[in-house]
Structure formats: structure tokens, C-alpha cells
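Encoded as C-alpha cells, the structure appears first; notes follow it.
Each residue takes its place number in the sequence, starting with 1.
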Amino acid sequence: NGYKCFQIELTRGYNYESFHEDLKKLYQMTGVQSQDTVFLFTDTQIVVEEFLEDINNMLNSGEVPNLFAPDEYEAIIAAVRPKAKEHGIAEGDRDGIFSHFISRVQERLHIVICMSPVGDAFRSRCRMFPSLVNCCTID
């Protein structure tokens, strides 16, 4: 069973909210549905620098702050609860269940970032988002 390749599709009007919707799909695929996935992201897809802020957080902690609305958070807790219980996490431990969800995402998600080293953009992005260096293999 191989890895599924996930990419964002830039369309007219694609923005930060669209990016968050795509990240939610990605987290559902990996954390709830247990799908091994590669997130392929290129520097041509950086519409706003905040995309890299979220990727920096994903690389660093596995979590994107405020990604899920309260109802979406509840749905994740409900979906992951049985799997968390198998790992000895109490059904009432909501933080523990969400942490288990994030660890499932970290196990199943590989992020491949393609950036051109030409020019100052790559250098400044590495300075602004240290996880691009600290949590990645640069080739």
C-alpha cells in the first residue's frame, strides 16, 4: 500500500481560507482515515506567506493553530475516540484524544516542499520559518 499524493489546486480566488480547507482535508485523510499521504507543496503555490507559517507549524508540532472550528473539532474527537481508546486513552480525555489524532497525522503525513534556491526568497523564508531547516532534509 503506497502513499497518496496530495497537492493544493490553485484556482482564481484561492486564498488563506481555501488553504485551510485543503489542510483540513489532509488532516482528515491522515488522522481519521489512516491514509499514508505525501503533501507536495511548491514555492509557486505560495499565494500568501501565511501558507508557510502553517507549514512551519505542521513541521514543528504537527498542529496548525485554530485550523478546526468547534464543530469540526467535535467531529474529529468523535471519529478518533475509538482508536484512541485502543491506545489506552480515556474516552473523556478530549485533549488526549486530540493529541492522539495529531500523532496519527504525524505518523502518516510526509511533507515535500519544492523551492527554488535561486534569489533571496528561499534564504529569507528559511530565516522566517526555521522549521524549513530544522525539521526538513534539504536536497
Side-chain angles (χ1 to χ4, degrees):
N1 191 359
Y3 279 75
K4 183 176 180 185
C5 186
F6 181 90
Q7 273 188 287
I8 63 172
E9 269 185 60
L10 290 183
T11 54
R12 190 195 273 299
Y14 192 93
N15 59 18
Y16 192 51
E17 287 168 25
S18 313
F19 186 63
H20 268 193
E21 288 304 313
D22 281 337
L23 290 183
K24 287 176 192 178
K25 287 180 205 158
L26 188 59
Y27 272 62
Q28 282 286 338
M29 286 165 44
T30 54
V32 176
Q33 299 162 9
S34 303
Q35 172 69 54
D36 291 330
T37 305
V38 171
F39 177 30
L40 182 59
F41 186 74
T42 69
D43 55 4
T44 58
Q45 295 170 319
I46 302 169
V47 176
V48 290
E49 291 290 312
E50 282 83 359
F51 289 10
L52 283 175
E53 180 71 37
D54 287 344
I55 288 176
N56 187 66
N57 286 324
M58 290 167 72
L59 291 167
N60 195 20
S61 68
E63 207 172 330
V64 177
N66 305 315
L67 180 62
F68 298 103
D71 59 321
E72 295 165 330
Y73 179 85
E74 292 304 321
I76 287 168
I77 296 295
V80 177
R81 185 173 278 132
K83 293 172 184 113
K85 190 177 179 185
E86 289 172 18
H87 285 85
I89 298 166
E91 286 189 38
D93 182 5
R94 298 163 58 73
D95 289 341
I97 293 169
F98 193 74
S99 291
H100 181 70
F101 166 71
I102 294 299
S103 71
R104 290 170 59 84
V105 170
Q106 289 174 315
E107 281 174 32
R108 289 171 175 76
L109 177 62
H110 290 268
I111 302 173
V112 176
I113 305 168
C114 304
M115 291 186 177
S116 170
V118 177
D120 292 330
F122 179 67
R123 190 180 307 113
S124 72
R125 285 173 174 154
C126 285
R127 274 198 297 266
M128 287 171 57
F129 307 108
S131 292
L132 292 177
V133 175
N134 300 338
C135 303
C136 291
T137 301
I138 298 177
D139 182 12

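Between the CG atom in Asn15 and the CD atom in Glu21 there is a gap of 10.0 Å [rounded to 0.5 Å]. To the nearest 0.5 Å, atom CD1 of residue Ile46 and atom CG of residue Leu10 are 10.5 Å apart. In this structure, the separation between CG on Asp22 and CD on Glu17 is 12.5 Å, given to the nearest 0.5 Å. To the nearest 0.5 Å, atom CD1 of residue Ile113 and atom CZ of residue Phe39 are 8.5 Å apart. Between the OH atom of Tyr27 and the CZ atom of Arg104 there is a distance of 14.0 Å, given to the nearest 0.5 Å. Here the CD atom belonging to Glu63 is positioned 9.0 Å from the CD atom belonging to Gln106, to the nearest 0.5 angstrom.
At least one side-chain heavy atom of His100 sits under 4.5 Å from a side-chain heavy atom of Ser103. The shortest side-chain heavy-atom distance between Leu26 and Met58 falls under the 4.5 Å cut-off. Side-chain contact between Arg94 and Glu74: present, with at least one pair of heavy atoms (C-beta onward) separated by less than 4.5 Å. Considering only heavy atoms from C-beta on, Ile76 comes within 4.5 Å of Phe68 through its side chain.
Using a 30° and 60° split on the angle between ring planes, Tyr73 and Phe98 fall in the tilted class, from 30° to 60°. Classification of the Phe51-Tyr14 ring pair by plane angle, with boundaries at 30° and 60°, yields perpendicular.
Closest of all the heavy-atom pairs between Ser18 and Gly13 is OG-O, 4.1 Å. The minimum heavy-atom distance between Cys135 and Asn60, with the atom names listed, is SG-CA, 4.1 Å. A pairwise comparison of heavy atoms in Ile97 and Ala84 identifies CG1-CB, 4.0 Å as the closest pair. A pairwise comparison of heavy atoms in Ser116 and Asp43 identifies N-OD2, 2.8 Å as the closest pair. Heavy atoms only, all atoms of each residue included: Leu59 and Cys136 are closest at CD1-SG, 3.7 Å. Taking both residues in full, the closest heavy atoms of Leu40 and Gln45 are given as O-OE1, 3.8 Å, listed atom of the first, atom of the second, then distance.
Counting only distance, with no hydrogens or angles, the side chain of Lys83 and the backbone of Phe101 share no donor-acceptor pair below 3.5 Å. A donor-acceptor pair is defined here as one N or O able to donate and one able to accept, closer than 3.5 Å; such a pair exists between the side chain of Thr37 and the backbone of Gln35. In this structure, Asn56 contributes its side chain and Ser131 its backbone to a donor-acceptor pair below 3.5 Å.
Glu72 pairs by the salt bridge (Lys or Arg N to Asp or Glu O under 4.0 Å) definition with Lys24, not counting sequence neighbours. Here Arg108 pairs with nothing under the side-chain hydrogen bond (donor to acceptor under 3.5 Å, both in side chains) rule; sequence neighbours left out. Legend: residues meeting side-chain hydrogen bond (donor to acceptor under 3.5 Å, both in side chains) with Glu49, ordered by chain and number and at least two apart, are Arg125. Under the side-chain hydrogen bond (donor to acceptor under 3.5 Å, both in side chains) criterion, Asp95 pairs with no residue, sequence neighbours left out.
Using a 4.5 Å cut-off between side-chain heavy atoms of Ile, Leu, Val, Met, Phe, Trp and Tyr, with links allowed through other members, Phe6 and Leu67 fall into the same hydrophobic cluster. When hydrophobic clusters are built by joining Ile, Leu, Val, Met, Phe, Trp and Tyr residues whose side-chain heavy atoms come closer than 4.5 Å, directly or via intermediates, Val112 is not grouped with Phe41. In the hydrophobic cluster analysis, where Ile, Leu, Val, Met, Phe, Trp and Tyr join through side-chain heavy atoms closer than 4.5 angstrom, Phe129 is grouped together with Val47. Hydrophobic clustering, with ILVMFWY side chains joined whenever heavy atoms are under 4.5 angstrom apart, groups Tyr16 together with Val64. A single hydrophobic cluster is seen to contain both Met29 and Ile111, as judged by linkage of ILVMFWY side chains at heavy-atom distances under 4.5 Å, directly or through other members.
The side-chain contact (heavy atoms from CB on, under 4.5 Å) test with Glu50 singles out one residue from Leu52, Val48, Asp54, and that residue is Val48.
Within the hydrophobic cluster formed by Ile, Leu, Val, Met, Phe, Trp and Tyr side chains joined at under 4.5 Å, directly or through other members, Ile138 is accompanied by Val133.
Each ring pair (Phe, Tyr, Trp, His ring centres under 6.0 Å) pair with one or both residues in residues 104-124, not counting sequence neighbours, appears once here: Tyr3-His110.
His20 and Asn66 share no donor-acceptor pair across their side chains, judged by distance under 3.5 Å alone.
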